[in-house]
There are 2 protein chains.
Amino acid sequence: MNQRETMTQFGKEALLQANISELLPFASLDEDQTRKMIDLATVHRVKQNKTYFDEGDRAENFFLLIDGFLRIVRTTKEGDQVVVLHIAPGQMFGIAKAFESVNYTATAQAASEGLALSWPSELWDKFIQDYPGFQKATRRAVGTRVTEMQDKLISMATHQVERRIAHAILRLLEQAGKETEDGVAIDFPLTRQDISEMTGTTLHSVSRCLSKWQRDGLVRSERRRVVVRQPESLPV
Amino acid sequence: MNQRETMTQFGKEALLQANISELLPFASLDEDQTRKMIDLATVHRVKQNKTYFDEGDRAENFFLLIDGFLRIVRTTKEGDQVVVLHIAPGQMFGIAKAFESVNYTATAQAASEGLALSWPSELWDKFIQDYPGFQKATRRAVGTRVTEMQDKLISMATHQVERRIAHAILRLLEQAGKETEDGVAIDFPLTRQDISEMTGTTLHSVSRCLSKWQRDGLVRSERRRVVVRQPESLPV
DNA sequence: GCTCAAAGTTGATCTAACGCAATTTTGCGG
DNA sequence: CCGCAAAATTGCGTTAGATCAACTTTGAGC
């Protein structure tokens, strides 16, 4: 199901050269410590729409996303998918250990082809002890996510579809915005269906909404791609 | 705004006698340790609809609810209230420290008159070091809440009003269900408005829904009170 | 026991957005 | 380069549920 690869010497070097330490969620490690961490890691390359792990899987590892974007998804018995949140490079995910949970409670699905490091869950507590800042970083990550989920909840409870879509897109811009000559683009493939699963609506409503915004010159939307020209003008 | 009282000797004794250690979210403390913890605590008695703390307040303390129920509420600029979750006796709340957060991100409002202990946030890390199980307990608490919020999110995204209300009520039954000769009652005052704020709907819809269920004999609902006779028959 | 505000009910519109359907566009794989 | 499935658009009828409004019930406080 996952395309896991044991790390090669080549991979290690490449990662080190790519200044991976800047991506580590806890700064101030010397070169030795960084190397030690990476030695313990496994590399995962995951193609678009494939998963890093699935809801219910035994939580054997925790992850750090290096490149690409992913969505954390939960599926109902009825088969409806709901995108709970998105993860950007530099963020940890699959941190079931932070919740004393034995299994993953959601699926991590690649929004775009991606690269992640993982470590065995057994190392979690060791990392907290050995690396100053790791604890703080994970706490902050959890906090951010809780807030994010609360915001989403509030948005769903009080706003109507258009504003919910606007909110979702603005959040994606923050996490994955990339300047282009045309405006700020969301830096991974994103379908109308994806957006509908983030906002609890239908792809039809999303399509209508984007069409309208395009008519008004607020966005430029193509197949699997959204570029925002006037973020300020989106309905709050 | 809050009715804080410095702990009196009487209060301490009363709490100890009330087997408070069973309520502490981390078991296996001997009597000495328990006493030491309680010595450091402040008691808060809060009347119905008053708050333990407000969104945005500096997070100076973390809390343990001893008695009563409370709701964690967030308010939008427009003034809409959304109930994010409910807290039952024995649960901690205001645990901003677990999120490396300086301020509380939501308001803790007493659903029924209640009693809580609090400790200065500075003690958080000390507790984690000194009391085995505290760390685990907080992690589990955070995990439970994240799951709970996800469930709510999914419910809001995919179900329609009737099922959302049913879900909300079933969750309250788990947390605050009390057997009566009439069925299982929710053990604190709960208005139609409260339920609508939990489910992102209007008090009118909630009223209509409860009326219907009452006609069908599923519930018994009075002013500020809901008793469920056939939990299994509520729409999933 | 009376008053009044808070809580709840219930009917009558009205509308946002869903569901359905038909059609077009896009770009990957052969 | 073609064929085809995935993605997107758009119109139309329907409806869940919000909104508006009138009214009733409840119980706490004077």
Side-chain angles (χ1 to χ4, degrees), chain A residues 47-50 78-83 109 111-113 155-169 186 188-216 219-227 235-236, chain B residues 47-50 76 78-83 109 111-113 155-169 186 188-216 219-227 235:
Chain A
K47 292 251 172 61
Q48 190 177 339
N49 294 332
K50 298 289 178 190
E78 287 92 0
D80 303 298
Q81 290 211 331
V82 178
V83 177
Q109 188 179 41
S112 56
E113 181 166 4
S155 189
M156 299 269 293
T158 63
H159 301 330
Q160 42 197 52
V161 165
E162 199 183 5
R163 285 183 68 180
R164 298 212 299 269
I165 296 174
H167 268 124
I169 291 192
I186 291 170
F188 58 84
L190 185 71
T191 67
R192 310 291 181 261
Q193 171 96 35
D194 291 337
I195 300 176
S196 74
E197 285 170 2
M198 298 172 55
T199 50
T201 177
T202 61
L203 67 148
H204 309 276
S205 294
V206 174
S207 180
R208 276 181 250 272
C209 199
L210 288 178
S211 295
K212 189 185 134 201
W213 289 345
Q214 177 139 8
R215 269 197 298 282
D216 298 347
V219 304
R220 164 127 270 284
S221 79
E222 298 152 26
R223 169 177 260 232
R224 291 164 160 281
R225 191 178 142 84
V226 177
V227 186
V236 185
Chain B
K47 291 250 173 62
Q48 190 177 340
N49 294 332
K50 297 289 179 189
T76 66
E78 287 91 1
D80 302 298
Q81 289 212 332
V82 179
V83 176
Q109 187 178 41
S112 56
E113 180 165 6
S155 188
M156 299 270 293
T158 62
H159 300 330
Q160 41 198 54
V161 165
E162 199 183 3
R163 286 183 67 179
R164 298 213 299 270
I165 296 175
H167 268 124
I169 290 192
I186 292 169
F188 58 84
L190 186 71
T191 67
R192 310 292 182 261
Q193 171 97 32
D194 290 336
I195 299 177
S196 74
E197 284 171 3
M198 297 171 57
T199 51
T201 179
T202 60
L203 67 146
H204 308 274
S205 294
V206 174
S207 179
R208 275 181 247 273
C209 199
L210 288 178
S211 294
K212 189 184 133 203
W213 289 344
Q214 177 139 9
R215 270 196 298 282
D216 299 346
V219 303
R220 164 129 269 283
S221 80
E222 299 152 26
R223 168 177 259 233
R224 290 163 161 280
R225 192 179 142 82
V226 177
V227 185

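In what follows, chains are A, B, ... by sequence order, proteins preceding strands, each numbered from 1.
- Between Glu197(A) and Arg164(A) there is no salt bridge, since no side-chain N of the basic residue sits under 4.0 Å from a carboxylate O of the acidic one.
- The existence of a salt bridge linking Glu162(A) and Lys212(A) is confirmed by a sub-4.0 Å separation between a basic side-chain nitrogen and an acidic carboxylate oxygen.
- Phosphate proximity of dA8(D) to Ser207(A): absent, as no side-chain N or O sits under 4.0 Å from OP1 or OP2.
- Looking at residues two or more places apart in sequence or on another chain, you find no salt bridge (charged side-chain N to carboxylate O under 4.0 Å, His left out) involving Arg223(A).
- The minimum heavy-atom distance between His167(A) and Ser155(A), with the atom names listed, is ND1-OG, 3.5 Å.
- Between Ser205(A) and dA17(C) there is no side-chain polar atom (N or O) within less than 4.0 angstrom of OP1 or OP2.
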Practice task
Start with the C-alpha gap between Gln193(A) and Met198(A), add the side-chain angles, then the distance that decides, and say whether side chain to side chain contact (heavy atoms under 4.5 Å, CB included) holds.
Solution key: CA-CA 9 Å; Gln193(A) 171 96 35; Met198(A) 298 172 55; over 6 Å; no

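- Between the CZ atom of Arg220(B) and the P atom of dG8(C) there is a distance of 14 Å, given to the nearest Å.
- Judged by atom type and distance alone, His204(B) does not reach the base of dT19(D) through any side-chain donor-acceptor pair under 3.5 Å.
- Judged by distance alone, with hydrogens and angles left aside, the side-chain atoms of Thr76(B) form a donor-acceptor pair with the main-chain N or O of Asp80(B) at under 3.5 Å.
- As rounded to whole Å, 15 Å separates atom C1' of dT24(C) from atom CG of Leu203(A).
- Rounded to an integer number of Å, the gap from Gln193(B) CD to dT9(C) C1' is 15 Å.
- Counting all heavy atoms, side chain and backbone alike, Ser205(A) lies closest to Val161(A) at CB-CG1, 4.2 Å.
- Side chain Arg223(A) to base dA6(D): a donor-acceptor pair is found below 3.5 Å.
- Residue Ser211(A) has a polar side-chain atom (N or O) positioned under 4.0 Å from OP1 or OP2 of dT10(D).
- The residues Glu222(A) and Arg220(A) are annotated as salt-bridged, a charged nitrogen and a carboxylate oxygen being separated by less than 4.0 angstrom.
- Taking 3.5 Å as the limit, the base of dG11(C) and the side chain of Arg208(B) contain a donor-acceptor pair of atoms between them.
- Put simply, the side chain of Gln109(A) gets close to the backbone of Asn49(A): a donor and an acceptor are under 3.5 Å apart.
- In the helix from dG1(C)-dC30(D) to dG30(C)-dC1(D), the rotation axis of the first five pairs and that of the last five pairs differ in direction by 40°, rounded to 10 degrees.
- The CG atom of Leu210(A) sits 14 Å away from the P atom of dA17(C) (whole-angstrom rounding).
- When heavy atoms are screened at a 4.0 angstrom cut-off, Arg192(B) is found touching the sugar-phosphate backbone but no base atom.
- Contact check, Thr202(B) against dG17(D): no side-chain N or O comes under 4.0 Å of OP1 or OP2.
- Between the CD atom of Glu222(B) and the C1' atom of dT9(C) there is a distance of 15 Å, rounded to whole Å.
- Taking both residues in full, the closest heavy atoms of Phe188(A) and Ala111(A) are given as CD1-CB, 3.7 Å, listed atom of the first, atom of the second, then distance.
- Note on Thr191(A): every side-chain N or O is 4.0 Å or more away from OP1 and OP2 of dA6(D).
- Remark: P of dA7(C) and CG of Leu190(B) are 12 Å apart, rounded to the nearest angstrom.
- When rounded to the nearest whole Å, the span between CD of Glu113(B) and P of dA28(D) equals 14 Å.
- With rounding to whole Å, Met156(A) atom CE is found 13 Å from dA17(C) atom P.
- Within residues 157-165 of chain A, no residue has a heavy atom under 4.0 Å from DNA chain D.
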